[in-house]
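Accompanying notes for the structure given below.
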Amino acid sequence: MGSWQRWLRFGGVSLRGGGGACVPLGGSHSVCRRQLSGAENETLKQRRTQIMSRGLPKQKPIEGVKQVIVVASGKGGVGKSTTAVNLALALAANDSSKEIGLLDVDVYGPSIPKMMNLKGNPELSQNNLMKPLLNYGIACMSMGFLVEETAPVVWRGLMVMSAVEKLLRQVDWGHLDYLVVDMPPGTGDVQLSVSQNIPISGAVIVSTPQDIALMDAHKGAEMFRKVHVPVLGLVQNMSVFQCPKCKHKTHIFGADGARKLAQILDLDILGDIPLHLNIREASDTGQPIVFSQPESDEAKAYLRIAAEVVRRLPPPLQ
């Protein structure tokens with residue numbers, strides 16, 4: 001184990017005590033540890049368990065929501081939010097009897113309001129809970145409804161955690177069969193907070209075939225596994241570009257990179273989404289392609305992915 005790994009493991013602090021042996025940390029640094037008796041060691045383990053159990057929140061289902069599906073990516077700019085929006089619409093299109101919600105917990109860069117063509121502040125219910133805004137039959141909630149569109153969210157971690165808690169617990173969803181959660185990129189506090197606070201039926205990992213994006217997608221999938229969230233599979237976004245004139249196909253970000261990662265992680269590919277101008281234009285105008293062009297090949301790709309997601313979901317808890 002290298003010196004940086006040791007520094008991370010011990011928090012960069014040299015613990016010195018009497019009656020113990022010195023453990024080298026690389027260079028001239030060392031950590032001295034005292035030999036513990038069996039009783040002391042057992043007491044220390046129990047104390048550590050108590051502290052950790054106090055620090056982890058107990059999972060509590062969101063009132064009225066049967067199943068939660070998180071859409072995540074290790075890296076930004078891979079089309080995660082576009083996938084989340086069209087997945088929610090595809091779930092509704094595949095089964096009109098289902099009620100679908102869409103929650104945007106990307107506090108720093110909420111994009112659901114623009115993609116779903118929604119503006120305004122949520123009204124409050126009789127129970128003083130925020131009512132989601134509705135469009136295209138999807139109930140939506142986002143930090144973008146609570147702050148000015150061009151105002152940056154300059155918050156520290158505790159403020160972000162408080163905002164996420166409000167988005168999870170202070171929204172009146174009514175009765176939903178599926179709540180699709182658009183996660184921020186990365187594997188930080190928000191991802192851990194959501195995963196530890198609510199039971200999640202499954203995670204969908206979005207990545208382009210590019211090696212850099214796949215490295216971060218790998219980390220994202222492993223994070224969900226560590227917090228015991230089932231990973232339903234990978235979506236390979238921007239998989240191929242087809243020239244609208246000559247129909248020649250070009251793998252701009254590489255070919256089948258997500259499939260190789262899926263094999264490494266022992267996961268399935270839920271589907272491929274092409275790099276197409278229609279998807280971008282539909283998202284920018286607030287008319288997602290599953291809604292505005294349901295017969296297009298691009299929309300059908302999302303519909304197939306939604307069907308695969310439902311097929312892999314465990315039975316609902318409520």
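Small disclaimer: the values here were computed from a predicted structure and weren't measured. All residue numbers in this chain count up from 1 along the given sequence.
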key: Donor-acceptor contact present, side-chain N237 to main-chain S207, <3.5 Å   = no
task = Locate the shortest heavy-atom distance separating Q196 from Q59; write the atom from each residue and the value.
result = O-CG, 3.1 Å
query = Between E308 and R304, is there a side-chain N and carboxylate O pair less than 4.0 Å apart?
reply = no
task = Please name the pair of heavy atoms, one in N197 and one in R169, separated by the smallest distance, quoted to 0.1 Å.
result = O-NH2, 2.8 Å
ask   = Does K219 pair with E222 as a salt bridge, N-O distance under 4.0 Å?
value = no
ask   = Would you say the side chain of Y178 lies within less than 4.5 Å of the side chain of V309, judging by non-hydrogen atoms?
value = no
note = Shortest non-hydrogen pair, E298 vs P274, comes out as CG-CG, 4.0 Å
message = Applying side-chain contact (heavy atoms from CB on, under 4.5 Å) to L270 and R312, what does each step give before you reach the verdict?
response = CA-CA 10 Å; L270 299 173; R312 287 169 165 78; 3.7 Å; yes
task = Flag yes if more than 12 heavy atoms outside E165 fall under 6.0 Å of its CD atom; otherwise flag no.
result = yes
task = First locate atom OG of S193, then atom CG of L168, and finally report the distance between them rounded to the nearest 0.5 Å.
result = 6.5 Å
task = State, with a plain yes or no, whether a side-chain heavy atom of P314 is found less than 4.5 Å away from one of S201.
result = yes
Quiz: residues 124-133 side-chain donor-acceptor pairs under 3.5 angstrom, not counting sequence neighbours:
unit_1	atom_1	unit_2	atom_2	d
S125	OG	N127	N	3.3
S125	OG	L129	N	3.2
S125	OG	L129	O	3.3

task = Kindly write out the residues that satisfy side chain to side chain donor-acceptor pair (under 3.5 Å) with D284, not counting sequence neighbours, or none if the list is empty.
result = R280
task = Report the residue from N86, I273, T82 that forms a side chain to side chain contact (heavy atoms under 4.5 Å, CB included) with I289.
result = N86
request  = Could you tell me the separation between the NZ atom of K119 and the CZ atom of F145, rounded to the nearest 0.5 Å?
outcome  = 11.5 Å
message = Between K300 and S296, does the side-chain hydrogen bond (donor to acceptor under 3.5 Å, both in side chains) criterion hold? Intermediate values first, please.
response = CA-CA 6 Å; K300 289 177 181 177; S296 66; over 6 Å; no
ask   = Would a 4.5 Å heavy-atom cut-off, applied to side chains only, mark Y302 and L89 as touching?
value = no
Non-hydrogen side-chain atoms of P199 and V68 separated by less than 4.5 Å = no
message = Between L313 and Q67, does the side-chain contact (heavy atoms from CB on, under 4.5 Å) criterion hold? Intermediate values first, please.
response = CA-CA 9 Å; L313 286 174; Q67 293 189 293; 3.7 Å; yes
ask   = With side chains defined as the heavy atoms from C-beta onward, is the minimum distance between L179 and I62 less than 4.5 Å?
value = yes
message = Just verifying a value: how many Å separate D104 CG and L118 CG, rounded to the nearest 0.5 Å?
response = 11.5 Å
Separation between OG1 of T208 and NZ of K80, rounded to the nearest 0.5 Å = 13.5 Å
message = What verdict does the side-chain contact (heavy atoms from CB on, under 4.5 Å) test give for V71 and V180, after you've listed the backbone C-alpha separation in whole Å, the side-chain angles of each residue and the deciding distance to 0.1 Å?
response = CA-CA 7 Å; V71 180; V180 177; 3.8 Å; yes
query = Rounded to the nearest 0.5 Å, what separation is found between the CE atom of M115 and the CG atom of N135?
reply = 14.5 Å
inquiry  = So does G220 get a backbone contact from the side chain of Q191, meaning a donor-acceptor N/O pair under 3.5 Å?
reply    = no
task = Kindly indicate whether the side chain of D189, heavy atoms from C-beta on, has any atom under 4.5 Å from the side chain of M161.
result = yes
note = For N94 and A306, the nearest pair of non-hydrogen atoms, with its separation, is ND2-CB, 3.6 Å
Heavy-atom check, side chain of V85 versus side chain of D182, under 4.5 Å = no
inquiry  = If you define the side chain from C-beta out and look only at heavy atoms, does anything of L234 sit under 4.5 Å from D268?
reply    = no
message = Hydrophobic clusters here meaning ILVMFWY residues chained together by side-chain heavy-atom distances under 4.5 Å, can you tell me if L134 and L102 are in one?
response = no
query = P122 and L146: which non-hydrogen atoms are nearest, and at how many Å?
reply = CD-CD2, 3.7 Å
query = Got a second to check how far L267's CG is from L232's CG, nearest 0.5 Å?
reply = 9.5 Å
note = Closest non-hydrogen atoms of V206 and V78, given as atom of the first, atom of the second and distance, are O-CG2, 3.7 Å
query = Got a donor-acceptor contact below 3.5 angstrom from the N117 side chain to the Q287 backbone?
reply = no
query = Checking side-chain contact (heavy atoms from CB on, under 4.5 Å) for the pair M116/F291: CA distance, chi angles, key distance, verdict?
reply = CA-CA 10 Å; M116 291 295 288; F291 169 80; over 6 Å; no
